[in-house]
Structure formats: C-alpha cells, structure tokens
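Chain A is the first sequence line, chain B the second, and so forth, proteins listed ahead of strands; every chain is numbered from 1.
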Protein chains: 2
Amino acid sequence: MTAFLHKGYAKTSMQDLKKATGLHPGSIYCAFENKRGLLLAALEQYRLDRTAEFERFFSAAQLSIVNLKTYLDNVVAECISGDSAKACLLTKALNEMAEQDEEIQQIISGNLFSLQQSLAEKFAQAKIEKSISAKKDSDHLARYFLMGIYGLRTFAQTHPEAEVIEQLAEQLYSDICR
Amino acid sequence: MTAFLHKGYAKTSMQDLKKATGLHPGSIYCAFENKRGLLLAALEQYRLDRTAEFERFFSAAQLSIVNLKTYLDNVVAECISGDSAKACLLTKALNEMAEQDEEIQQIISGNLFSLQQSLAEKFAQAKIEKSISAKKDSDHLARYFLMGIYGLRTFAQTHPEAEVIEQLAEQLYSDICR
DNA sequence: GAGTATCTTGAACAAACATTCAAGAAAGGA
DNA sequence: TCCTTTCTTGAATGTTTGTTCAAGATACTC
C-alpha cells in the first residue's frame, strides 16, 4: 500500500515491491499472480483498514455530528502531515488508472460509494439527533462532504499550510451544518 | 497534452507520443531534450490555453458573479462529458508526480496558485458589485471555489451522473454566494 | 528420521522502455 | 544548379521492466 501510495502504480517497480514486502518476485507472483494482483490485494487491505478506522471514529459515544467533525479533523491532519503514506489510495489509484482499467475503476468506485453510504447513515442519525435540519437530504450531504474531502486532499498537495486547510475544512463543515 | 491526460505520464510511452505528435523520437528529443521536457512543454501549453480560456470567460459583459457561475458550469460540463481530454492536466500530473519530482510539483502549484489569484480578483470584483457580502474574504472564497472544483472533478470520476454533479456544483455556488 | 508437500529463492527471460545517432531529405542562398 | 544548413528519419543501444522456473530451503507427516 505505501509503495503504491508513494510512487503510484506504474512507477512502482517489482524491485520496489520486493523491498516493500520483503518477498522475492517468485513469491509475489505465487501469491498475487502478477503486479496488478498485488494492487488488487492492496486495495482490499486498504478497504479493510479504512472501514475499521471508520467504525472506530463512529463508535465514540457522541452525537453523530461531533463524530463527523472528528472524522473531518482527521482528514485535515492527514492532509497537513504531507505524508504520502496518509494519502488516499482510492483517489490516487482512481486518478491514475480509471481511464485504462475498468475493473479497477469499478472496484474503487464501489469502495468510495460504500463510504458515501456510511456517511449518509451518519448524517441521517444527525438529523434524528436534531443536529442538522430535517429538510436536508442525507445522501446529498454525504456526497458534498466527500466532495469536500477530495478537494481538500488535492488542495493540500499544492498548499500544505495548516491554517489554510483548516479554514477550508471549517467552512465545509459549517456549510454542511447550516 | 491529450496523451498525458489519457494515460498519465509514466504509462505514456515514447511510441504513444510519436503517434500523438506525429514526430519521430529523434525530433522529439531534439526539440524537448527528453520525455520529461515534453511534459514540461505540455504543461506550459496547457497554462497558455487555460489562461486564454479564463480570459474569455471573464471578458463577458456580465456581473463577475455571473461569469463565475458560467465558469463553474463549464467545469461541470467537462466533468459530465467523461472525456479524458477535458480533464485537468495540472491536478492529474500533480497526483501522479508531486511526490517524486519537486520541480514539476512547484510548476503545477504555481499555475494553480495563479488561477486561485485570478479567481480572487473576480470575487473581489463581485464584492464591489454587491453580489457578495463585503465581509467575505476574496482569497478564501477563491480557495474554497477551487477546492470545490477539485472535489467535483474527482467525484465525477466515480459518479458520472449529470444530475448529481450539477447538484453538488449548485450547492457549492450557493454556499459561496450566501 | 526419512519422505512428502509447501514455500522461498534469485538468476534468467523476453519484451518494452527511453534515448541516441548517423544517414538521408528538405530548404535556403548564391 | 550547387553548396550549405537545418530538419527528419527510424534502426540500434543499453537499461529496465514484469514475469518465469528450476533449484534449494523449510515445514509437516508418519
């Protein structure tokens, strides 16, 4: 995962993967069939890691809206860190490969759609808790929230100043709650 | 430009570039030194094209806020088209190369910062024209607008349904004007 | 502890890659 | 028309790439 996050799929060579995994080419091919298979496995592991992380954020005994804010703050922290290991493998791979590999594009889209649906559930909960107006559409809020996160992550790659990213996230949050 | 937009830098081979440019390897190397030089030239051409396009959008005899909306609508149309040739070379290359090539990351960041500043000018104009509250910070508005565009473009790669993208853009616009 | 099964190793492979360059074509000037 | 200069060509070069596989190590069974 970190190798692909750092160099992207195409630029990550088998030697890089050998170094990153500690496995020799033969073992990698035995376990994952080929380089693409390793990417698929990395995407699956990323999905597991991130859904577990998501559950952790939202298992806190707080109002949903508070957990959503904490979740956003964490994204901001990842953006500010400038650490490629904390970037999003899904959007990174989507940007690189969507045009060329339809299966991978669909896997990534599916994962991101799951995240969107999970977020929508949390927004629905926030509506029940009266943190957010009942008039708002949870699905739309989730899409807008996700769009904001995508935007933040891209923006941070050009402008890693903490205050700027924090200010943008704050506006995003208040636009969603308003 | 279109070759790099379609396959990304690493996956675009010299043969692809030969086909795309109609030039033979020798000529390409004579004119651009190497593959990276061709990317630099493509980035420069993209900058020229996009600044010209920007001027065209904002030379319309309309209120600045109207021109901003038209500009956004155009981004939405590009997103919906699903045409890789209409994607943003800057964000695409930024995602792929920022981690590995500092010079290219700085060129791209510089170009995107110019765009941000140009947008800030238009927001300042909109304030003068009373389309937007005088209390708002033009620079912040420009950053938020740009962040929204980044988000839209990424979102559209997973969810190319026109209505969804249009709805997200509409919310972005109204959040900025509010 | 012998024998079977599984896993690991890293050298070897062909294909594809970016890059070079000497030969040839075209253009321009006198 | 001839010479000089500039531009174009595409085969050849040496890497690097992803991939394979037979040999060796390890683990497991009886």
Side-chain angles (χ1 to χ4, degrees), chain A residues 1-48 84-85 87 89-90 92-108, chain B residues 1-48 84-85 87 89-90 92-108:
Chain A
M1 289 190 320
T2 53
F4 288 137
L5 272 172
H6 187 60
K7 289 197 163 192
Y9 177 74
K11 248 303 176 89
T12 303
S13 69
M14 221 53 208
Q15 274 212 36
D16 294 329
L17 294 172
K18 182 182 154 189
K19 215 174 284 178
T21 60
L23 297 173
H24 291 247
S27 300
I28 294 177
Y29 275 78
C30 181
F32 304 104
E33 203 185 339
N34 53 28
K35 184 183 168 187
R36 184 171 176 277
L38 220 177
L39 176 65
L40 290 172
L43 285 170
E44 175 59 12
Q45 187 59 51
Y46 189 83
R47 187 184 70 79
L48 293 172
S84 70
L89 183 59
L90 296 175
K92 173 116 186 168
L94 187 71
N95 252 290
E96 181 178 353
M97 314 197 64
E99 212 62 43
Q100 310 164 61
D101 191 321
E102 200 176 332
E103 190 192 347
I104 285 182
Q105 123 103 31
Q106 284 192 354
I107 288 168
I108 294 172
Chain B
M1 288 191 318
T2 53
F4 288 136
L5 272 171
H6 187 60
K7 290 197 162 192
Y9 177 73
K11 249 300 178 90
T12 303
S13 70
M14 220 53 209
Q15 274 212 36
D16 295 328
L17 294 172
K18 181 183 155 188
K19 215 173 284 179
T21 61
L23 297 174
H24 290 246
S27 299
I28 293 178
Y29 276 78
C30 180
F32 303 105
E33 203 185 339
N34 51 29
K35 185 183 167 185
R36 185 171 176 277
L38 220 176
L39 176 65
L40 290 172
L43 286 169
E44 174 60 10
Q45 187 58 49
Y46 189 83
R47 187 183 71 79
L48 293 172
S84 70
L89 183 59
L90 296 175
K92 173 117 185 165
L94 188 71
N95 251 290
E96 181 178 352
M97 314 197 63
E99 214 60 45
Q100 312 164 59
D101 192 321
E102 201 176 333
E103 190 192 346
I104 284 181
Q105 122 103 31
Q106 284 192 354
I107 287 168
I108 294 171

Give a yes/no answer on whether the side chain of B:H24 brings an N or O atom under 4.0 Å of OP1 or OP2 in D:dT8. no

Check: B:F4 and B:L17 side chains under 4.5 Å, non-hydrogen atoms: yes

All salt bridge (Lys or Arg N to Asp or Glu O under 4.0 Å) counterparts of B:K7, not counting sequence neighbours: B:D16

Just to verify, what does A:T21 make a side chain to side chain contact (heavy atoms under 4.5 Å, CB included) with, not counting sequence neighbours? A:L23, A:I28

For a quick check, with a 4.0 angstrom heavy-atom cut-off, what is the B/S/- contact string for nucleotides 17-24 of chain D, read 5' to 3'? SSBBB---

Can you check the A:I28 CD1 to C:dG10 P distance for me, whole Å? 13 Å

From NZ of B:K19 over to P of C:dA18, roughly how many Å is that when rounded to an integer? 13 Å

What is the distance, rounded to the nearest whole Å, between atom NZ of B:K18 and atom P of D:dT9? 9 Å

For A:Q100, which residues count as a side chain to side chain contact (heavy atoms under 4.5 Å, CB included) partner, sequence neighbours excluded? B:K11

What residues form a side chain to side chain contact (heavy atoms under 4.5 Å, CB included) with B:K18, not counting sequence neighbours? B:H24, B:P25

Side chain to side chain donor-acceptor pair (under 3.5 Å) pairs touching residues 36-47 of chain A, sequence neighbours excluded, are A:R36-A:D101, A:R36-A:E103, A:E44-A:R47, A:Q45-A:D49, A:Y46-A:R50

